[in-house]
Amino acid sequence: KDYILNEKVRGKVTELIVKKNKIKNPRVLDIGAGFGALGISLARNFNTTSIDVNPSTLKFIEYRAQQEKVNLKVKKINHLFYGLPFEDKSFDIVVMNGVLEWVASSIEGDVKTIQETILKDISRILKKNGTLVWGIENRLAWDWMISRQRFFGVPFPVWYCKKCDEVILADESQLPIDPLKNNPKT
């Protein structure tokens, strides 16, 4: 599978955000843009800004956005620990996929303190009643998104159907679900 440019899971994440969003014309921030799979998908539906520390991947995202004719703003940032370059309460939705677990790898200090500092800054830029959606990489290499599921903390499992090469999300009515023991309803 192409995990760099693959939009199958990212597209499903965007579908979930579109479905749950109640705000008209929300401002969305994609933190840790990578190669833009999530940012491009979000920009098809929302006023989106993607940020990353890598100027090369941001240039790539700009080219992709131009090719796909989507309006996606990109911005280079320094390490998240030093603060986000946005005004207070400036975003309705913040999406951070595969970032939080890595932020302490390039900075000295206590991992928990570094992560808490970053989450507090994200809270600062979120509007009242804003939404934070984040995914955490894990040892099983599955994609996990935040949900109301509490059995495993806050993961929302994603399965891949090998027969049809599709991404399958658990239905909200199935939560909580143990992805190691149960399959989603299809």
Nearest 0.5 Å please: distance from the [atom1] atom of [X] over to the [atom2] atom of [Y].
| X | Y | atom1 | atom2 | result |
| --- | --- | --- | --- | --- |
| Ile107 | Phe81 | CD1 | CZ | 5.0 Å |
| Ile118 | Leu100 | CD1 | CG | 6.5 Å |
| Asn129 | Lys89 | CG | NZ | 10.5 Å |
| Ile40 | Phe35 | CD1 | CZ | 13.0 Å |
| Ser50 | Leu58 | OG | CG | 8.0 Å |

Grab the two heavy atoms, one from [X] and one from [Y], that are nearest each other, plus how far apart they are.
| X | Y | result |
| --- | --- | --- |
| Glu101 | Gln115 | CA-NE2, 4.0 Å |
| Asp52 | Gly34 | OD2-N, 2.8 Å |
| Gly32 | Val99 | CA-CG2, 3.7 Å |
| Gly135 | Asn97 | CA-OD1, 3.4 Å |
| Ala33 | Ile61 | CB-CD1, 3.5 Å |

Quiz prompt | Arg27 (side chain) donor-acceptor with Phe46 (main chain) under 3.5 angstrom | solution =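 Not confirmed, Arg27 side chain does not pair with Phe46 backbone.
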
Quiz item: Within the side chain of His79, is there an N or O that forms a donor-acceptor pair under 3.5 Å with the backbone of Val103?
Solution: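 Indeed, once roles are kept as given, a pair shorter than 3.5 Å links the two residues.
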
Exercise. Check the pair Phe86, Ile51 against side-chain contact (heavy atoms from CB on, under 4.5 Å), reporting the backbone distance first and the verdict last.
Key: CA-CA 11 Å; Phe86 301 105; Ile51 61 174; 3.8 Å; yes

Exercise. Dump the intermediate steps for side-chain contact (heavy atoms from CB on, under 4.5 Å) on Phe91 and Thr49, then the final yes or no.
Key: CA-CA 10 Å; Phe91 290 94; Thr49 301; 4.3 Å; yes

Can you check whether [X] reaches [Y] side chain to side chain, under 4.5 Å on heavy atoms?
| X | Y | result |
| --- | --- | --- |
| Ile17 | Leu42 | yes |
| Thr14 | Leu38 | yes |
| Ile122 | Ile31 | yes |

Exercise. Among Leu119, Leu29, Asp30, find the one that has a side-chain contact (heavy atoms from CB on, under 4.5 Å) with Met96.
Key: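 Answer to the side-chain contact (heavy atoms from CB on, under 4.5 Å) test with Met96 among Leu119, Leu29, Asp30: Leu119.
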
Quiz item: side-chain contact (heavy atoms from CB on, under 4.5 Å) with Val28: which of Asn47, Asn45, Thr48?
Solution: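 Filter result, single survivor: Thr48.
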
Exercise. Determine, stepwise, if the pair Asp121 / Thr117 fulfils side-chain contact (heavy atoms from CB on, under 4.5 Å).
Key: CA-CA 6 Å; Asp121 199 41; Thr117 300; 5.9 Å; no

Exercise. Taking only Lys NZ, Arg NE, NH1 and NH2, and the carboxylate oxygens of Asp or Glu, determine whether Asp92 and Lys127 approach each other closer than 4.0 Å.
Key: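 Counted as a salt bridge, because a side-chain N and a carboxylate O are separated by less than 4.0 Å.
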
Self-check item: Salt bridge flag under 4.0 Å for residues Arg64 and Glu68
Solution: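 Between Glu68 and Arg64 there is a salt bridge, with a charged N closer than 4.0 Å to a carboxylate O.
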
Exercise. Applying salt bridge (Lys or Arg N to Asp or Glu O under 4.0 Å), name anything that partners Lys76, two or more places apart in sequence or on another chain.
Key: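 Lys76 satisfies salt bridge (Lys or Arg N to Asp or Glu O under 4.0 Å) with no residue once adjacent residues are dropped.
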
Quiz item: Can you get from Val133 to Ile23 by hopping between Ile, Leu, Val, Met, Phe, Trp and Tyr side chains that sit under 4.5 Å apart?
Solution: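 Val133 and Ile23: separate clusters.
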
Exercise. Please answer: with hydrophobic residues joined when any side-chain heavy atoms are less than 4.5 Å apart, are Val53 and Val111 in the same cluster?
Key: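 No, it is not one cluster - the side chains of Val53 and Val111 are not joined through contacts under 4.5 Å.
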
Exercise. Decide yes or no on side-chain contact (heavy atoms from CB on, under 4.5 Å) for Val13 and Ser41, but give the supporting numbers first.
Key: CA-CA 9 Å; Val13 170; Ser41 180; over 6 Å; no

